[in-house]
There are 2 protein chains.
Amino acid sequence: MARPVEFDENKVLTSAMEQFWREGYEASSVQKLLDCTGINRGTLYNSFGDKNTFFKSCVDQYNRLVGKQIANSLKNEKLHAWDAITAYFDEAVINVSNKHRSMGCLLVNSLCESINYDRDMKKVVRASLASIRKALVLRLKEAQKKGKLKKGISVEFAADVLMNCLHGVRVNSRDGKNSKQLSELIRHTVASLKK
Amino acid sequence: MARPVEFDENKVLTSAMEQFWREGYEASSVQKLLDCTGINRGTLYNSFGDKNTFFKSCVDQYNRLVGKQIANSLKNEKLHAWDAITAYFDEAVINVSNKHRSMGCLLVNSLCESINYDRDMKKVVRASLASIRKALVLRLKEAQKKGKLKKGISVEFAADVLMNCLHGVRVNSRDGKNSKQLSELIRHTVASLKK
DNA sequence: TTATTAATGGAATTTCCATTCAATTAACAA
DNA sequence: TTGTTAATTGAATGGAAATTCCATTAATAA
């Protein structure tokens, strides 16, 4: 058989994901990706394809992170609708390391970078954001069914409000706001929807 | 005397500002800046300095745009506090061309790009955002004095909520949301603060 | 007209980027 | 042991990036 891989794929993807997350796609040169992952040039191209393909794999890695946060909160059956929603914001924004919080959100950052003009990447990023919204919608429907959604507010609109808050908070995170300030912004938004 | 300038400084700055705004700092090569402004390589370096310096001049140009929007709304003495605040969002987000709306906000985009890691640029971008917040605070103080701010909400916190909404809306703009959807998000946030 | 001055145009330079490639290495099946 | 296969390595390639430089141009003051 052939020589076995020496690198830890998961660690490589996580390191590269953080590089893209911190500095964006364009400013993350292949050299920087090699430095932060510790792998070699040829290894990168052989095992992960070109920079574009590698970036998409890193977004997938980010999606797995997001997926875990959703699993711990929105999909936690033990929590009531609004508690689950609040728990998601805690998982995604509040109870994360200062390092991660100050980097904002890879998806939002990518949307704001020129990536927007690369159709393929835009599609990948949008799909990820849509999956977050979808999980919120499920819980908002539950809240509505139990009469816990303010009247006059539709589930879809409430989801838009929460996503808008999330985006805002992510920009504010990247601007250096601390978890306490962010937490108050989130609380205010949730209170504006909750009955 | 010397040969007079042939280019229109204001037009050049506006074209370049839109290039940076659309595609970001890194993806905007000097060649693209020459193409969109119509000026020549030597002219750019002679009259505007290097790419970094040029970018900052473009942010200044953007700030003049923001300044006009604030002058037309928040600083309009004929409007009552909340009308002025709503008018600002209209000026900045709703009543702009689809082209501009879909580009989001140069300041937010820059914050989300790696620009964040260039101290000097971060300072410029932050100062601009602070000037918007300052104008909002003035009107929120007025609203509070007239008893038009929901009780339990401080002027500073209300400003944070509005800035958070603005950031969120800017990301959503860049993601392609239309003016009607954005307008509803803004209305909801204003209603959550207004008495 | 002419000297002066700065703008203009674009070739030239240098650096950095993404990507390829051939040589080397390591595991394992036979 | 040996042949096979794929991983690893880093030098090499080619193109694009930012920036510099200088010959040319144009206005005007003298």
Side-chain angles (χ1 to χ4, degrees), chain A residues 1-59 109-110 113-115 117-121 124, chain B residues 1-59 109-110 113-115 117-121 124:
Chain A
M1 268 284 148
R3 182 176 174 178
V5 301
E6 284 179 12
F7 63 86
D8 179 332
E9 188 181 355
N10 193 55
K11 279 184 184 169
V12 167
L13 284 173
T14 297
S15 303
M17 171 192 78
E18 290 184 333
Q19 169 63 41
F20 281 125
W21 188 357
R22 203 178 333 111
E23 302 196 30
Y25 179 80
E26 297 288 346
S28 294
S29 65
V30 170
Q31 188 55 55
K32 282 183 182 175
L33 294 167
L34 300 179
D35 292 346
C36 77
T37 57
I39 61 172
N40 186 280
R41 220 170 201 81
T43 304
L44 196 162
Y45 281 90
N46 258 338
S47 308
F48 299 97
D50 63 11
K51 188 182 163 182
N52 219 277
T53 307
F54 193 31
F55 175 77
K56 283 175 203 153
S57 301
C58 290
V59 173
N109 296 351
S110 299
E113 228 199 302
S114 64
I115 259 65
Y117 296 93
D118 178 323
R119 286 185 187 187
D120 220 35
M121 287 198 193
V124 172
Chain B
M1 268 284 144
R3 183 176 173 176
V5 301
E6 284 179 14
F7 62 86
D8 178 333
E9 189 181 353
N10 193 55
K11 280 184 181 168
V12 167
L13 285 173
T14 298
S15 303
M17 171 191 79
E18 289 184 334
Q19 170 62 42
F20 282 126
W21 188 358
R22 204 181 328 113
E23 301 197 29
Y25 179 81
E26 297 288 343
S28 294
S29 66
V30 170
Q31 188 56 56
K32 282 183 183 175
L33 294 166
L34 300 180
D35 291 346
C36 77
T37 58
I39 61 172
N40 187 279
R41 220 169 203 83
T43 304
L44 196 162
Y45 280 90
N46 257 337
S47 308
F48 299 98
D50 64 12
K51 188 181 164 184
N52 219 276
T53 306
F54 192 33
F55 175 77
K56 282 174 204 155
S57 301
C58 291
V59 173
N109 296 351
S110 300
E113 228 200 300
S114 63
I115 261 60
Y117 295 92
D118 179 322
R119 286 186 187 187
D120 221 35
M121 287 199 195
V124 172

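Proteins come first, then strands; the chains are lettered A, B, ... in the order of their sequence lines, and each starts at number 1. Since the model is a prediction, treat every value here as computed from it, not as a measurement.
- Distance CD (B:Glu6) to C1' (C:dT8): 7 Å, rounded to an integer number of Å.
- If you measure from atom CZ of A:Phe54 to atom P of C:dC17, you get 16 Å, rounded to the nearest angstrom.
- Within the structure, a side-chain polar atom (N or O) of A:Asn40 is placed less than 4.0 Å from OP1 or OP2 of D:dG10.
- If you take CZ of A:Phe48 and C1' of C:dA18, they are 17 Å apart, rounded to a whole angstrom.
- Between B:Phe7 and B:Phe48, the ring planes are tilted. Angles from 30° to 60° get that label.
- The CG-C1' distance, from B:Asp35 to C:dG10, rounds to 14 Å in whole Å.
- Between the P atom of D:dA7 and the CD1 atom of A:Ile39 lies a distance of 12 Å, rounded to the nearest Å.
- At whole-Å resolution of the value, CG in A:Leu44 and P in C:dT20 are 12 Å apart.
- Counting only heavy atoms from C-beta outward, the side chains of B:Asn52 and B:Met121 approach each other to under 4.5 Å.
- The side chain of B:Lys51 has D:dA18 as its nearest neighbour among C:dA7, C:dG10, D:dA18.
- Here the nucleotide nearest the side chain of B:Ser29, chosen from C:dT19, C:dT8, D:dA18, is D:dA18.
- Each of B:Pro4 and B:Gly42 has a nearest nucleotide on DNA chain D; the 5'-most of these lies closest to B:Gly42.
- Where A:Leu34 and A:Asn46 meet DNA chain C, the nucleotide closest to each residue was compared, and A:Leu34 sits on the side nearer the 5' end.
- Both tests pass for B:Lys51 against the ring of B:Tyr25: distance under 6.0 Å to the centre and angle within 45° of the axis.
- Side-chain nitrogen and oxygen atoms of B:Thr43 include none within less than 4.0 Å of the OP1 or OP2 phosphate oxygen of C:dA7.
- Distance CZ (B:Phe7) to P (D:dA26): 17 Å, rounded to an integer number of Å.
- Distance B:Tyr45 OH to C:dA6 P: 22 Å, rounded to the nearest Å.
- Proximity of A:Phe20 to A:Leu33: side-chain heavy atoms (C-beta onward) are separated by under 4.5 Å at one or more points.
- Checked against C:dT8, D:dT19, D:dT8, the side chain of B:Asp50 finds its nearest nucleotide in D:dT19.
- Remark: the B:Arg41 side chain and the C:dT8 base include no donor-acceptor N/O pair separated by less than 3.5 Å.
- Remark: the A:Asn46 side chain and the A:Thr43 side chain contain no N/O donor-acceptor pair separated by less than 3.5 Å.
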